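One structure is given below, encoded as structure tokens.
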Amino acid sequence: MDRISSTALLPEAFQGSRDDITEHIGLIWQQIRAPVIVPLLRSAVFLCLAMSVMLLVEKVYMAVVIIFIKLLGRRPEKKYRWEPMKDDVELGNSAYPMVLVQIPMYNEKEVYQLSIGAACGLSWPSDRIIVQVLDDSTDPVIKDLVELECQRWASKGINIKYEIRDNRKGYKAGALKEGMKHSYVKDCDYVAIFDADFQPEPDFLWRTIPFLLHNPDIGLVQARWKFVNSDECLMTRMQEMSLDYHFTVEQEVGSSTYAFFGFNGTAGVWRIAALNEAGGWKDRTTVEDMDLAVRASLKGWKFVFLGDLKVKNELPSTFKAYRYQQHRWSCGPANLFRKMLLEIARNKRVSLWKKVHVIYNFFFVRKIVAHIVTFVFYCLVIPATVLVPEVQIPKWGAVYIPSIITLLNAVGTPRSLHLLVFWILFENVMSLHRTKATFIGLLEAGRVNEWVVTEKLGDALKAKIPGKAAKKPRIRIGERLHLLELGVGAFLFFCGCYDVALGKNHYFIYLFLQGIAFFVVGFGHVGTFVPHS
């Protein structure tokens with residue numbers, strides 16, 4: 001009887017203990033709220049508003065430049081000398097410059113045929129072009145397949161070289177650097193680079209080489225990307241919106257005003273003299289392409305972006321592949337900024353205006369501020385102000401500026417305007433990974449030089465059956481980043497509920513939607529939503 005009575009008292013004892021803990025936490029919160037939390041949160045709000053204004057000014061500036069470019073019709077063909085290549089009866093094919101086409105690849109089973117076939121299909125005198133396949137594959141079966149494909153094209157009269165090396169030192173940069181050491185490269189004037197999933201049109205060289213041939217100060221001609229699988233799922237549509245803005249606005253503005261922009265690592269043609277003068281390929285960061293572009297720019301070389309020339313390629317179709325890609329694209333620029341800041345500032349070959357553009361606009365605002373303010377402000381600071389009513393965010397900072405920035409970002413892909421809400425939520429979730437990667441790059445922390453090749457599907461995309469049920473994603477709870485997303489989602493939900501409980505209802509719809517987005521990604525379901533076209 002006594003045992004039964006003791007057992008009955010346990011729930012009451014547990015409830016009392018839990019109430020004591022809750023009361024204790026509440027007391028601590030009240031004690032630190034006014035002297036610590038409020039000043040820190042106000043400082044965070046001030047910094048985030050300052051960064052938001054910096055980002056807004058950058059976006060509005062680029063929008064104004066783009067409008068003037070369109071109104072004035074400042075096409076690259078008008079700004080620079082451009083004449084179509086013509087046959088010379090006396091010189092014959094020797095009138096055409098020698099072009100090297102490099103295709104770096106690593107275990108690209110699904111796409112190696114597409115890229116090699118497209119490169120070998122380029123329309124250019126056969127004795128004035130060399131296709132160089134740089135195969136770093138570790139799978140012997142795939143290596144054999146790639147070599148056989150090269151032999152097949154060689155039997156058709158294509159001057160194609162299959163090159164391998166003993167190690168993967170430097171990853172893509174190491175492969176490209178090693179490829180430039182071969183004796184036959186000395187005869188080449190220009191080098192076109194295509195990643196393994198890129199498929200240039202046959203006239204690619206006819207449209208790019210004349211810029212380099214007739215303008216000796218141009219070191220790089222960059223083409224735009226065209227995505228073959230943008231309609232595969234909601235995640236690829238979101239990627240398309242972000243990348244379209246990058247190409248139609250950021251690259252266009254850089255090309256038209258400063259003749260500088262970041263090389264995209266593929267779908268571009270370099271003047272080999274410019275590449276060599278800049279110091280060649282370096283593997284000190286995960287953005288070897290941007291590294292090369294900055295160094296070449298500091299030597300005085302100009303770049304041209306051709307928005308009308310599009311090269312087909314593939315977007316990452318799984319969240320895991322996309323996450324690794326975004327880590328590399330966010331960590332690398334931040335780390336490069338750390339390494340090159342003083343070198344850029346001390347450079348005497350370029351104008352002060354161009355140095356300010358590279359340091360402030362290109363690196364600081366676009367590669368650092370944009371990532372940090374998106375996550376810290378919209379996913380942490382704004383929700384936190386719900387818990388601390390003493391801290392207020394002005395409407396212009398919480399509503400007007402984000403709305404203008406969002407609309408300016410969305411103009412690059414008009415067909416996806418109806419997906420704007422999904423894009424906002426998805427970009428905010430991805431800002432968690434980008435912010436983390438940015439700090440890793442700035443601090444040169446553990447994963448600073450992590451390189452994971454983006455998974456590609458190639459022809460496997462065509463084989464997908466629309467009505468086939470998608471495999472149920474495996475939930476790996478132990479994955480730290482997924483737990484972090486779930487934690488942020490729980491925080492947003494809690495803030496939303498608290499907002500409703502207080503009766504203020506300022507941000508609860510946004511907080512609930514953003515919390516759902518973090519939970520969706522946290523549980524690994526992001527790639528399963530198919531948009532309505």
Side-chain angles (χ1 to χ4, degrees), residues 25-60 330-331 333-335 337-338 341 356 359-361 363-406 424-425 427-445 484-485 487-499 501-502 504-508 510-511 514-515 518:
I25 293 174
L27 183 62
I28 294 174
W29 170 255
Q30 291 300 327
Q31 289 177 341
I32 67 172
R33 180 171 174 167
V36 179
I37 302 298
V38 172
L40 285 177
L41 191 54
R42 280 178 178 160
S43 299
V45 169
F46 176 78
L47 289 174
C48 288
L49 289 176
M51 289 191 289
S52 295
V53 171
M54 293 166 62
L55 191 59
L56 174 67
V57 172
E58 174 73 2
K59 298 290 184 183
V60 171
S330 302
C331 179
N335 190 234
F337 179 63
R338 172 192 170 112
L341 176 60
V356 170
I359 293 174
Y360 177 77
N361 301 76
F363 275 114
F364 187 63
V365 176
R366 298 183 203 169
K367 309 302 181 185
I368 297 175
V369 167
H371 300 328
I372 294 175
V373 74
T374 303
F375 176 66
V376 174
F377 192 35
Y378 303 128
C379 301
L380 296 181
V381 172
I382 289 180
T385 58
V386 173
L387 306 178
V388 187
E390 298 94 324
V391 181
Q392 299 291 328
I393 300 178
K395 186 176 289 186
W396 59 265
V399 179
Y400 300 146
I401 286 182
S403 299
I404 296 172
I405 291 175
T406 300
I424 294 170
L425 298 175
E427 282 294 295
N428 286 352
V429 173
M430 287 309 303
S431 68
L432 166 65
H433 298 281
R434 294 176 183 138
T435 301
K436 181 174 179 289
T438 299
F439 280 113
I440 289 174
L442 288 173
L443 301 175
E444 285 199 322
L484 188 57
E485 289 153 352
V488 175
F491 171 68
L492 290 164
F493 266 119
F494 175 75
C495 293
C497 293
Y498 192 80
D499 196 27
L502 290 177
K504 294 189 175 182
N505 303 333
H506 288 163
Y507 308 113
F508 76 96
Y510 162 73
L511 294 173
Q514 191 63 71
F518 269 97

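Small disclaimer: the values here were computed from a predicted structure and weren't measured.
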**Prompt:** Val391 versus Val38: any side-chain heavy-atom pair under 4.5 Å?
**Reply:** yes

**Prompt:** Just by distance, do the side chain of Asp499 and the backbone of Tyr507 share a donor-acceptor pair under 3.5 Å?
**Reply:** yes

**Asked** Between Leu380 and Phe491, which heavy-atom pair has the shortest distance, and what is it?
**Response** O-CE2, 4.0 Å

**Prompt:** Between Ser330 and His371, is any pair of side-chain heavy atoms under 4.5 Å apart?
**Reply:** yes

**Prompt:** Which value, rounded to the nearest 0.5 Å, describes the distance between Asn361 atom CG and Met54 atom CE?
**Reply:** 9.5 Å

**Item:** side chain to side chain contact (heavy atoms under 4.5 Å, CB included) evaluation trace for Leu41 with Thr385
**Value:** CA-CA 8 Å; Leu41 191 54; Thr385 58; 4.0 Å; yes

**Asked** With side chains defined as the heavy atoms from C-beta onward, is the minimum distance between Tyr378 and Ile424 less than 4.5 Å?
**Response** no

**side chain to side chain contact (heavy atoms under 4.5 Å, CB included) evaluation trace for Leu511 with Phe493** = CA-CA 6 Å; Leu511 294 173; Phe493 266 119; over 6 Å; no

**Euclidean distance, Arg42 CZ relative to Ile37 CD1, rounded to 0.5 Å** = 12.5 Å

**Message:** Let me confirm one number: the CG-CD distance from Leu492 to Gln514, rounded to the nearest 0.5 Å.
**Reply:** 6.0 Å

**Complete:** On a heavy-atom basis, the closest approach of Cys48 and Val376 is SG-CG1, 3.9 Å

**Item:** Straight-line distance of Arg338 CZ to Leu443 CG, nearest 0.5 Å
**Value:** 7.0 Å

**Prompt:** Any donor-acceptor pair under 3.5 Å linking the side chain of Glu485 with the backbone of Phe518?
**Reply:** no

**Message:** Quick one, Cys331 and Thr438 - any side-chain contact, counting heavy atoms below 4.5 Å?
**Reply:** no

**Item:** Pro389 backbone acceptor or donor facing Gln392 side chain under 3.5 Å
**Value:** yes

**Request:** Please test Phe363 against Ile368 for side chain to side chain contact (heavy atoms under 4.5 Å, CB included), starting from the C-alpha separation and ending with a verdict.
**Result:** CA-CA 7 Å; Phe363 275 114; Ile368 297 175; 5.6 Å; no

**Request:** For residues Tyr510 and Cys379, report the shortest heavy-atom separation together with the two atoms involved.
**Result:** OH-N, 4.3 Å

**Request:** Taking the side chain as every heavy atom from C-beta outward, state whether Phe377 and Leu47 have any atom pair closer than 4.5 Å.
**Result:** no

**Request:** Enter the distance from Leu49:CG to Ile393:CD1 here, rounded to the nearest 0.5 Å.
**Result:** 7.0 Å

**Smallest separation among heavy atoms of Val381 and Ala44, with atom names** = CG2-CB, 4.0 Å

**Message:** I need the minimum non-hydrogen distance between Ser431 and Thr374, along with the two atoms involved.
**Reply:** CB-CG2, 3.6 Å

**Message:** Side chains of Val57 and Val60, heavy atoms from C-beta outward: is any pair under 4.5 Å?
**Reply:** no

**Item:** pair Leu55-Arg366: side-chain heavy atoms closer than 4.5 Å
**Value:** no

**Asked** Around Phe494, counting heavy atoms of other residues, nucleotides and ligands shown, do more than 12 lie under 6.0 Å from its CZ?
**Response** no

**Request:** Working to the nearest 0.5 Å, report the span between CZ of Phe508 and SG of Cys497.
**Result:** 11.0 Å

**Message:** Would Arg434 and Phe375 count as a side chain to side chain contact (heavy atoms under 4.5 Å, CB included) here? Give the steps.
**Reply:** CA-CA 9 Å; Arg434 294 176 183 138; Phe375 176 66; over 6 Å; no

**Asked** Heavy-atom distance under 4.5 Å between the side chains of Tyr360 and Val369, does that happen here?
**Response** no

**Item:** Among Glu58, Met51, Lys59, side chain to side chain contact (heavy atoms under 4.5 Å, CB included) partner for Val365
**Value:** Glu58

